[in-house]
J.: 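Structure in structure tokens, see below.
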Amino acid sequence: MIKVGDALPDVTLQEYSEVEGNGCSIGPNPVKVREAAAGKTIALFALPGAFTPTCSAKHVPGYVEKFDELKKSGVDEIWCLSVNDAHVMGAWARDQKSNGKVRMLADGSADFAKATGLTLDLTARGMGLRSTRYSMLVKDGKVATLNVEGPGKFEVSDAATMLKQVAN
């Protein structure tokens, strides 16, 4: 499993763009993780699935709500990762009104989840291989803090915990 001090994996995620601009076309666009994280402080959180109850009711809304405070504390970007495709993540971003605050990044083949060792096997529930619920503070592409939730829990990967860690 990835740990504090480790570099983020060298994988490519996908991000759905609603508008064309800054070299991005409308639709799914590749995000090379190491390149995108270089020189930035990122509040990254991952969860089992878009549109799932805890993720939609608490996890994403918390980061959207704390956006201004996280930015003032030195966070350059907030990333939400889920093992879903970019179209689903784009629709979820619209639903959560996270545009311009939280980058909704698709880990469609679970490459990031597998590379970090933070996978959750939900095959028995018909959901396949997913990501464990966690958050990490990333500085210049390296893990500064890591908060992995226990099974079925939502206690340490929330935005309030991340805000406390950024402030330290």
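We use all heavy atoms of the structure for the numbers below, so side chains are in, but hydrogens, waters and symmetry mates are not. Heads up: numbering here begins at 1 and tracks the sequence. Keep in mind that this is a model prediction, so the values were computed, not measured.
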J.: Nearest 0.5 Å, what's the SG-CD distance between C80 and Q96?
T.: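 It comes to 8.5 Å.
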
J.: Looking at CG of D158 and CD of E149, how far apart are the two atoms once the value is rounded to the nearest 0.5 Å?
T.: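 The CD atom of E149 is 7.5 Å from CG of D158, to the nearest 0.5 Å.
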
J.: Identify whether L13 and V143 are in the same connected component of the hydrophobic contact network (ILVMFWY, side-chain heavy atoms under 4.5 Å).
T.: yes

J.: Considering only distance and modelled atom types, tabulate donor-acceptor pairs under 3.5 Å from the side chains of residues 113-124, sequence neighbours left out.
T.:
residue, atom, partner, partner atom, Å
K114, NZ, S109, O, 3.4
T116, OG1, F112, O, 3.1
T116, OG1, A113, O, 3.0
T116, OG1, L118, N, 3.4
D121, OD1, T123, N, 2.9
D121, OD1, T123, OG1, 2.5

J.: Looking at every heavy atom in both L8 and R34, which two are closest together, and how far apart are they?
T.: O-NE, 2.6 Å

J.: For the CG atom of L105 and the CG atom of N29, what is their distance to the nearest 0.5 Å?
T.: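 That separation rounds to 11.0 Å.
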
J.: Identify whether V4 and W79 are in the same connected component of the hydrophobic contact network (ILVMFWY, side-chain heavy atoms under 4.5 Å).
T.: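 Same cluster.
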
J.: Tracing side-chain links under 4.5 Å among I, L, V, M, F, W and Y, which residues wind up in one group with F154?
T.: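 Its cluster partners, ordered by chain and number, are none at all.
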
J.: Between W92 and S56, is any pair of side-chain heavy atoms under 4.5 Å apart?
T.: yes

J.: Which residue pairs satisfy the salt bridge (Lys or Arg N to Asp or Glu O under 4.0 Å) criterion with at least one member in residues 103-113, sequence neighbours excluded?
T.: E15-R103, E77-R103

J.: Ignoring hydrogens and geometry beyond distance, is a side-chain donor-acceptor pair present between S157 and N147 at under 3.5 Å?
T.: no

J.: Could you work out, with side-chain contact (heavy atoms from CB on, under 4.5 Å) as the rule, every residue matching A167, not counting sequence neighbours?
T.: none

J.: Could you tell me which non-hydrogen atom of A43 sits nearest to which non-hydrogen atom of Y63, and how far apart they are?
T.: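 Residues A43 and Y63, closest heavy atoms: CB-CE2, 4.4 Å.
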
J.: Restricting to non-hydrogen atoms, name the atom on L146 and the atom on K3 that form the minimum distance, rounded to 0.1 Å.
T.: CD2-CA, 4.4 Å

J.: Between the main-chain N or O of K40 and the side-chain N or O of K139, is there a donor-acceptor pair closer than 3.5 Å?
T.: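 Between the backbone of K40 and the side chain of K139 there is no qualifying donor-acceptor contact (under 3.5 Å).
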
J.: Taking all heavy atoms of N84 and all of S82, pick out the closest pair and write down the distance.
T.: OD1-OG, 2.6 Å

J.: Going by side-chain contact (heavy atoms from CB on, under 4.5 Å), name the residues that satisfy it together with A38, two or more places apart in sequence or in a different chain.
T.: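 By the side-chain contact (heavy atoms from CB on, under 4.5 Å) rule, A38 matches D140.
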
J.: Is L81 reachable from I78 through a run of I, L, V, M, F, W or Y residues, each pair having side-chain heavy atoms under 4.5 Å apart?
T.: no

J.: Can you measure from OG (S98) to CE (M89) and round to the nearest 0.5 angstrom?
T.: 8.0 Å

J.: Side-chain heavy atoms under 4.5 angstrom apart, residues restricted to Ile, Leu, Val, Met, Phe, Trp, Tyr: same cluster for M104 and L47?
T.: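 M104 clusters together with L47.
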
J.: Rounded to the nearest 0.5 Å, what separation is found between the CZ atom of R133 and the CD atom of E155?
T.: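 The CZ atom of R133 sits 11.0 Å away from the CD atom of E155.
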
J.: Do the side chains of F45 and M162 get nearer than 4.5 Å, heavy atoms only?
T.: no

J.: Between G108 and V83, which heavy-atom pair has the shortest distance, and what is it?
T.: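 Shortest heavy-atom separation between G108 and V83 comes out as O-CG1, 3.9 Å.
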
J.: Only pairs at least two apart or in different chains count here, so list each ring-ring contact (aromatic ring centres under 6.0 Å, His included) that has a residue in residues 113-153.
T.: none

J.: Any chance CG of N99 has more than 12 other-residue heavy atoms, nucleotides or ligands included, within less than 6.0 Å?
T.: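 Open: at most 12 neighbouring heavy atoms sit under 6.0 Å from CG of N99.
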
J.: Atom NZ of K101 and atom CD of E65: how far apart are they, to the nearest 0.5 Å?
T.: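 Going from the NZ atom of K101 to the CD atom of E65 covers 9.5 Å.
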
J.: Taking all atoms of both residues into account, what is the closest heavy-atom pair of G74 and T41, and its distance?
T.: O-CB, 3.4 Å

J.: If hydrophobic clusters are built from ILVMFWY residues whose side chains come within less than 4.5 Å, do V64 and L44 share one?
T.: no

